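Note that the structure is predicted; figures quoted are calculated from it, not measured.
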Amino acid sequence: MDQHPAPIPPLDVPALLRSRVRDVPDFPEPGVVFKDITPLLADRVAFGAVVDAVVNHHGRGTIDKVVGIEARGFILAAPIAYHFGAGFVPVRKQGKLPAATFHASYSLEYGEATLEVHTDAFTPGDRVVVVDDVLATGGTAAAAIDLVERAGAVVVGLSVLIELSFLAGRDRLPGRDVHSLLTI
Ligand code: AMP
């Protein structure tokens, strides 16, 4: 009788993640293909693989705070912060944070958006990773990084689950460590 259990094949993380992101055409408006991460979040292996990949990229214990960008960035950033042994800081849309804030405005395809962070969210010199679900044109990430730095922290890198490379968001973040788990 064979004493050894069958070996477990290695996990193909990019293939798993790709299979758990759903494309929703024409949402929230015609012409946009929305990257829906809810199937990935519902899959324990895929969700855990995302958290592990971001933490392994920098190393446990090397980061003081993880910033999540409202709203889907929060879902990823909170368990990543826990796994780093770091704190969590929200960057929110205008008018949501209750205490004094810094704010940064940036242009969207139509109109403008404003993000905010609490002025006292960081201890000066805190090492920070910024997390979001999708990097598209890069305006959101650039605004969030600007806010974190104005609040006195050091941005070590940006981690995103999905990078839409055809929108060249990376080009708006020169010199940054832009870490994406899936490039489309
Ligand atoms: P951008 O500022 O153009 O890089 O847009 C990034 C922000 O918009 C992120 O917070 C994403 O959650 C969201 N976003 C942009 N494009 C998409 C997309 N195709 N699918 C899902 N979310 C998107």
So, are Glu70 and Arg92 salt-bridged, with charged N and O less than 4.0 Å apart?
yes
Report yes or no: does His179 contribute a side-chain atom to a donor-acceptor pair with the main-chain N or O of Gly157 at less than 3.5 Å?
no
Minimum-distance pair of heavy atoms, taken over all atoms of Leu97 and His118
CB-NE2, 3.6 Å
Side chains of Leu40 and Leu161 in contact at under 4.5 Å (non-hydrogen atoms)
yes
Between Asp132 and Arg72, does at least one N-O distance fall below 4.0 Å, as a salt bridge requires?
no
Using the rule that two of Ile, Leu, Val, Met, Phe, Trp, Tyr join whenever any of their side-chain heavy atoms come within less than 4.5 Å, decide whether Val51 and Ile69 are in one cluster.
no
Looking at every non-hydrogen atom in both residues, tell me the closest pair between Phe84 and Val66 and how far apart they are.
CD1-CG2, 3.6 Å
Evaluate salt bridge (Lys or Arg N to Asp or Glu O under 4.0 Å) for Asp133 paired with Lys35, printing each intermediate quantity in order.
CA-CA 9 Å; Asp133 62 336; Lys35 298 292 179 185; over 6 Å; no
The residue among Thr119, Val155, Val91 that forms side-chain contact (heavy atoms from CB on, under 4.5 Å) with Leu147 is Val91
According to a hydrophobic-cluster definition based on side-chain heavy atoms being under 4.5 Å apart (Ile, Leu, Val, Met, Phe, Trp, Tyr only), do Ile37 and Leu164 belong together?
yes
Cluster check Val160, Val89: I/L/V/M/F/W/Y, side chain < 4.5 angstrom
yes
Pro14 versus Leu182, closest heavy-atom pair with distance
O-CD2, 3.7 Å
Counting distance only, does the side-chain N/O of Asn56 pair as donor-acceptor with the main-chain N or O of Asp52 below 3.5 Å?
yes
Supply the atom-to-atom distance Thr140 OG1 to Leu108 CG, rounded to the nearest 0.5 angstrom.
6.5 Å
Correct closest heavy-atom pair for Arg172 and Thr137 would be CD-O, 3.3 Å
Is it true that Glu149 and Arg176 make a salt bridge, defined as a side-chain N closer than 4.0 Å to a carboxylate O?
yes
If Ile, Leu, Val, Met, Phe, Trp and Tyr residues are connected whenever their side-chain heavy atoms lie under 4.5 Å apart, and connections chain through other members, are Phe27 and Val21 in the same group?
no
Between Ser105 and Thr114, do the side chains contain an N or O donor and an N or O acceptor separated by less than 3.5 Å?
yes
Please determine if Arg127 and Asp64 form a salt bridge, counting it only when a charged side-chain N lies under 4.0 Å from a carboxylate O.
no
Minimum heavy-atom separation for Phe122 and Val117, please, with both atom names.
CE1-CG2, 4.2 Å
What are the two closest heavy atoms between Pro28 and Phe34, and how far apart are they?
CD-CD1, 4.3 Å
Can you tell me if Asp43 uses its side chain to pair, donor with acceptor, with the backbone of Val45 under 3.5 Å?
yes
Could you go through Ile80 and Val129, starting from their C-alpha distance and side-chain angles, then the distance that decides it, and tell me whether this counts as side-chain contact (heavy atoms from CB on, under 4.5 Å)?
CA-CA 10 Å; Ile80 289 168; Val129 171; 5.9 Å; no
Examine distances only and state if a side-chain atom of Arg170 and a backbone atom of Val178 form a donor-acceptor pair shorter than 3.5 Å.
yes
